[in-house]
Undergrad: 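Mind looking over this structure? Questions follow.
Index from 1, following the sequence. We count ligands from 1, going down the list as the structure has it; atoms in each ligand are counted the same way. Because the structure is predicted, anything quoted here is derived from the model rather than measured.
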Amino acid sequence: MKIAIIGTGHVGSSIAFAMVLKGLCSHLVLAGRNMTKGQGDALDLQHTLAFCERPIIIEASTIEKVQDCDIIVITASIKTQDQVTSRMELGVANVKLFRQMIPILAQNNPRSIFVVITNPVDVLTYLVTQLSGFPSSKIIGVGTLVDSARFRTLLSAQEKIHPDDLRAYILGEHGPNQFPVFSNAFAGSERISDAPSNRRIFQEVNRAGFDVYELKGYTNYAIAAAACEVIKTIVYDDHRTMPLSTFFYEWQGIENNCFSIPVVLGRAGIIRYLHPELNDQEKIALQKTAKLMKENIDSLLGSDSLD
Ligand SMILES: NC(=O)c1ccc[n+]([C@@H]2O[C@H](COP(=O)([O-])OP(=O)(O)OC[C@H]3O[C@@H](n4cnc5c(N)ncnc54)[C@H](O)[C@@H]3O)[C@@H](O)[C@H]2O)c1
């Protein structure tokens, strides 16, 4: 299993470290604009192998030389400015960066699954689907997986139940246009209600990334763990369910859009969509999300579309 990480900044290098500790591949390629940083990371990671699960070939590369990968994880991004208030602020520059990077990566890695981390992740997942020409099942945005994990962690502290025993999804945008699905949220078999205290937890999740950002200038650990969960599920063909960003022609009556919906993930990528029964409030939130996401996509990508 050959996996490349494009961009070795805070997020890319944290994913690489977590992947090596977990032994998620046999060959890891670190690629980016800054070859020296990639080489430094590769060498440092090689020195951890004596403490790791399995031998791994770890090397640095230019983007142009990344080839024949099974999975490509994209974290390359323009620098986030201080006082960032929206992930959409990265949009114009990252769309330009993706238009340069993705065609060559797709051409040299025709059987790869792409895992998109860079923000705004939903618009960029759409763009990678468009630029690669690959089936949308093979282009996966990490989307609201991190938000849902934060949601479960905060709810777990309140319920005093292990977060892994909680099922609670946040769907929609990895950003302000997201919504919690309380109608299908459970701790054990007990429903997690749409109570004011749980709504407050959702509001907290909605700004959690920015809270971390204000304290240390970036987020890396939760996203690295989330990315590894996606990668592990693909590598071991686990058929796990999770909310992920994907371009879809139709989901729950919404057409030609790209944001996080619940899916089943395995070695082939997204195997199928899940269709939870949403309540009226959630159906309204879904319609609103779909409209705003379409506006975000149109504003950054213009009239290009996959319709
Ligand atoms: N989806 C999520 O849940 C989530 C969570 C955290 C961060 N992110 C996003 O991940 C991205 C990376 O965050 P970070 O903190 O690692 O940023 P960073 O600035 O530390 O790293 C970005 C990396 O991209 C590289 N890069 C920049 N321009 C490039 C180019 N032209 N070609 C190749 N590489 C280039 C840089 O050299 C750097 O290594 C950001 O867009 C951030 O918003 C997403």
Side-chain angles (χ1 to χ4, degrees), residues 4-18 29-42 60-66 72-82 84-105 114-128 139-151 170 172-176 178 205-231 242-246 258-260 300:
I5 300 177
I6 313 298
T8 52
H10 296 109
V11 173
S13 55
S14 302
I15 295 172
F17 186 43
V29 182
L30 304 175
R33 185 180 47 173
N34 185 343
M35 189 69 184
T36 315
K37 170 70 163 64
Q39 283 168 331
D41 276 333
S61 168
T62 60
I63 292 176
E64 291 72 22
K65 289 197 174 139
V66 172
I72 296 185
V73 184
I74 314 261
T75 75
S77 173
I78 61 134
K79 201 146 187 54
T80 307
Q81 300 302 314
D82 293 343
V84 67
T85 54
S86 161
R87 296 170 179 93
M88 282 291 284
E89 288 169 25
L90 304 173
V92 172
N94 280 342
V95 164
K96 200 168 156 209
L97 172 59
F98 272 47
R99 286 197 199 280
Q100 290 161 3
M101 276 187 325
I102 301 302
I104 180 97
L105 285 167
F114 281 76
V115 177
V116 184
I117 313 273
T118 310
N119 278 315
V121 65
D122 301 289
V123 177
L124 294 176
T125 300
Y126 184 104
L127 181 62
V128 175
I139 313 295
I140 296 157
V142 174
T144 59
L145 181 58
V146 183
D147 306 275
S148 299
R150 287 175 178 143
F151 194 38
I170 290 175
E173 184 190 24
H174 176 55
Q178 57 179 219
V205 169
N206 205 253
R207 54 163 207 279
F210 292 101
D211 290 344
V212 178
Y213 193 84
E214 275 166 26
L215 289 166
K216 65 179 210 174
Y218 55 89
T219 65
N220 58 328
Y221 296 127
I223 182 61
C228 281
E229 192 63 21
V230 169
I231 294 163
M242 55 187 88
L244 291 172
S245 188
T246 182
C258 188
F259 52 81
S260 285
L300 283 178

Undergrad: Distance to 0.1 Å, residue and atom name: give those for the protein heavy atom nearest to atom 21 (O) of ligand 1.
TA: G9 CA, 3.3 Å

Undergrad: Contact between Q178 and S260 at the side-chain level, heavy atoms closer than 4.5 Å - yes or no?
TA: no

Undergrad: Short question: side chain of K37, backbone of T8 - any donor-acceptor pair under 3.5 Å?
TA: yes

Undergrad: Taking distance alone, with no angle check, do H10 and ligand 1 share an N/O pair under 3.5 Å?
TA: yes

Undergrad: Strictly inside 4.0 angstrom of atom 1 (N) of ligand 1, do you find any protein heavy atom?
TA: yes

Undergrad: Backbone or side chain, does any N or O of I223 fall under 3.5 Å from an N or O of ligand 1?
TA: no

Undergrad: NE2 of H10 to OH of Y221: how many Å apart, nearest 0.5 Å?
TA: 9.5 Å

Undergrad: Applying a heavy-atom cut-off of 4.0 Å, say which part of I63 lies close to ligand 1: side chain, backbone, both or neither.
TA: side chain

Undergrad: Scan V121, I6, V128, N94 and name whichever one has a side-chain contact (heavy atoms from CB on, under 4.5 Å) with I74.
TA: I6

Undergrad: Run the side chain to side chain contact (heavy atoms under 4.5 Å, CB included) test on F114 and T125 for me, step by step, so that the C-alpha distance in whole Å, both residues' side-chain angles and the decisive distance to 0.1 Å come before the verdict.
TA: CA-CA 9 Å; F114 281 76; T125 300; over 6 Å; no

Undergrad: Provide, to 0.1 Å, the distance between atom 37 (O) of ligand 1 and the closest protein heavy atom, together with that atom's residue and name.
TA: R33 NH2, 3.6 Å

Undergrad: Give me the residue, atom name and distance of the protein heavy atom closest to atom 6 (C) of ligand 1.
TA: T219 OG1, 3.1 Å

Undergrad: For ligand 1, which atoms have a heavy atom of L97 less than 4.0 angstrom away?
TA: 29 (C), 30 (C), 31 (N), 32 (N)

Undergrad: Of the protein's non-hydrogen atoms, which lies at the shortest distance from atom 22 (C) of ligand 1, and what is that distance?
TA: S77 O, 3.6 Å

Undergrad: Do the non-hydrogen side-chain atoms of V73 and I117 ever get within less than 4.5 Å of each other?
TA: yes

Undergrad: Going by the order shown, which atoms of ligand 1 are within less than 4.0 Å of some heavy atom of H174?
TA: 1 (N), 2 (C), 3 (O)

Undergrad: Where on K37 is there a heavy atom closer than 4.0 Å to ligand 1, on the side chain, on the backbone, on both, or on neither?
TA: neither

Undergrad: Might you point out which heavy atoms bring F259 and E173 nearest each other, and give the distance in Å?
TA: CB-N, 4.3 Å

Undergrad: Tell me whether D122 contacts the main-chain N or O of S245 through its side chain, where contact means a donor paired with an acceptor under 3.5 Å.
TA: no

Undergrad: Looking only at protein heavy atoms, which one is nearest to atom 19 (O) of ligand 1, and what is the separation?
TA: K79 NZ, 4.1 Å

Undergrad: Against heavy atoms of T75, which atoms of ligand 1 measure under 4.0 Å?
TA: 11 (C), 12 (C)

Undergrad: Kindly say whether I140 contributes a backbone atom to a donor-acceptor pair with the side chain of T246 at under 3.5 angstrom?
TA: no

Undergrad: What distance do T219 atom OG1 and R150 atom CZ have between them, rounded to the nearest 0.5 Å?
TA: 6.0 Å

Undergrad: Closer than 4.0 Å to some heavy atom of L90 - which atoms of ligand 1 meet that?
TA: 41 (O), 43 (O)

Undergrad: Test of understanding: given a 4.0 Å heavy-atom threshold, classify the contact between V146 and ligand 1 as side chain, backbone, both, or neither.
TA: side chain

Undergrad: Considering heavy atoms of the protein only, find what lies nearest to atom 16 (O) of ligand 1 and give residue, atom and distance to 0.1 Å.
TA: V11 N, 2.8 Å

Undergrad: Flag the pair R99 / L127 as yes when at least one side-chain heavy-atom distance between them is below 4.5 Å, and no otherwise.
TA: yes

Undergrad: Which residue owns the protein heavy atom closest to atom 8 (N) of ligand 1, what's the atom, and how far is it?
TA: N119 ND2, 3.4 Å

Undergrad: Out of all atoms in ligand 1, which are within 4.0 Å of some heavy atom of A76? Include the element for each.
TA: 24 (O), 34 (N), 35 (C)

